[in-house]
Amino acid sequence: RKEVEQDPGPFNVPEGATVAFNCTYSNSASQSFFWYRQDCRKEPKLLMSVYSSGNEDGRFTAQLNRASQYISLLIRDSKLSDSATYLCVVSMDSSYKLIFGSGTRLLVRP
Amino acid sequence: SQTIHQWPATLVQPVGSPLSLECTVEGTSNPNLYWYRQAAGRGLQLLFYSVGIGQISSEVPQNLSASRPQDRQFILSSKKLLLSDSGFYLCAWSTGGEETQYFGPGTRLLVL
């Protein structure tokens, strides 16, 4: 079983739609969680950290469910520029290592 | 502000040739540095990380090596490339004690 699992997609949605991605992680000792965004043939860029209480940044909302070991990302009012691959990332306790999921691809169409 | 540089941006090398990829970070001191590889359609795989000059930890056995000759310089090397070494190589940095990592623009390597 992979340490971090994501649905690869692609999720194909119209502009203005709301879309949600889930990610599950296998190690209950995981302490920190992130969503990164990666455009085609570019480096990953931090989208947002995921806090236990959930957090929102504009149109983006991240949630953490420790009991079920999953993380979610909700994107409201999708824009064409949101088209990218979204990487779920988990960090272990007192470790420098980040474990990356393989990513979920989002395509927003006009 | 901090910036991270990688070069070259793209590289085509024959099997059996040597490799040297360089990464430098500006605007911070004593960063943690990382090398990742991303194969086509795959997730990022951590290859090496370093918490200080001359301190290298290897995550996977392979024909690659890493060195950190200066505080903000991280080098990925190979004596003889394999076809399976093709991929997108990404360098990243983080501040000591922080887990968020920031990536360089990457080097796309094709071994033929």
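Contact of Gln38(B) with chain A is made through the side chain alone, with heavy-atom distances under 4.5 Å. Interface residue Phe88(B): only side-chain heavy atoms are found under 4.5 Å from chain A. Residue Leu44(B) touches chain A through both its backbone and its side chain, counting heavy-atom pairs closer than 4.5 Å. When heavy atoms are compared at a cutoff of 4.5 Å, Gln38(A) approaches chain B solely by way of its side chain, counted from C-beta outward. Heavy atoms of Ser94(B) lying under 4.5 Å from chain A are absent altogether.
To the nearest 0.5 angstrom, Ile56(B) atom CD1 is 12.0 Å from Leu47(B) atom CG.
A centroid separation of less than 6.0 Å is found between the aromatic rings of Tyr25(A) and Phe33(A).
Pairing each heavy atom of Ile53(B) with each of Gln70(B), the nearest pair is CG1-C, 3.8 Å.
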Salt bridge (Lys or Arg N to Asp or Glu O under 4.0 Å) between Glu56(A) and Arg76(A), intermediate numbers included: CA-CA 11 Å; Glu56(A) 186 174 309; Arg76(A) 291 181 299 278; 3.5 Å; yes
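Using cut-offs of 30° and 60° on the angle between ring planes, the pair Tyr86(A) and Phe21(A) is tilted.
Within the 4.5 Å cutoff, side-chain heavy atoms of Met48(A) are placed close to those of Asn55(A). Using a 4.5 Å heavy-atom cutoff, the side chains of Ile4(B) and Phe103(B) are not in contact.
Most heavy-atom pairs under 4.5 Å with chain A, from the set Gly106(B), Ala92(B), Gly104(B): that is Gly104(B).
Counting heavy atoms of neighbouring residues, nucleotides and ligands inside a 6.0 Å radius, atom CD of Gln45(B) exceeds 12 of them.
In terms of modelled atom types and a separation under 3.5 Å, the side chain of Gln13(B) and the main chain of Pro18(B) share a donor-acceptor contact.
Residues of residues 99-110 of chain A having a heavy atom under 4.5 Å from any heavy atom of chain B, listed by number: Phe100(A), Gly101(A), Ser102(A).
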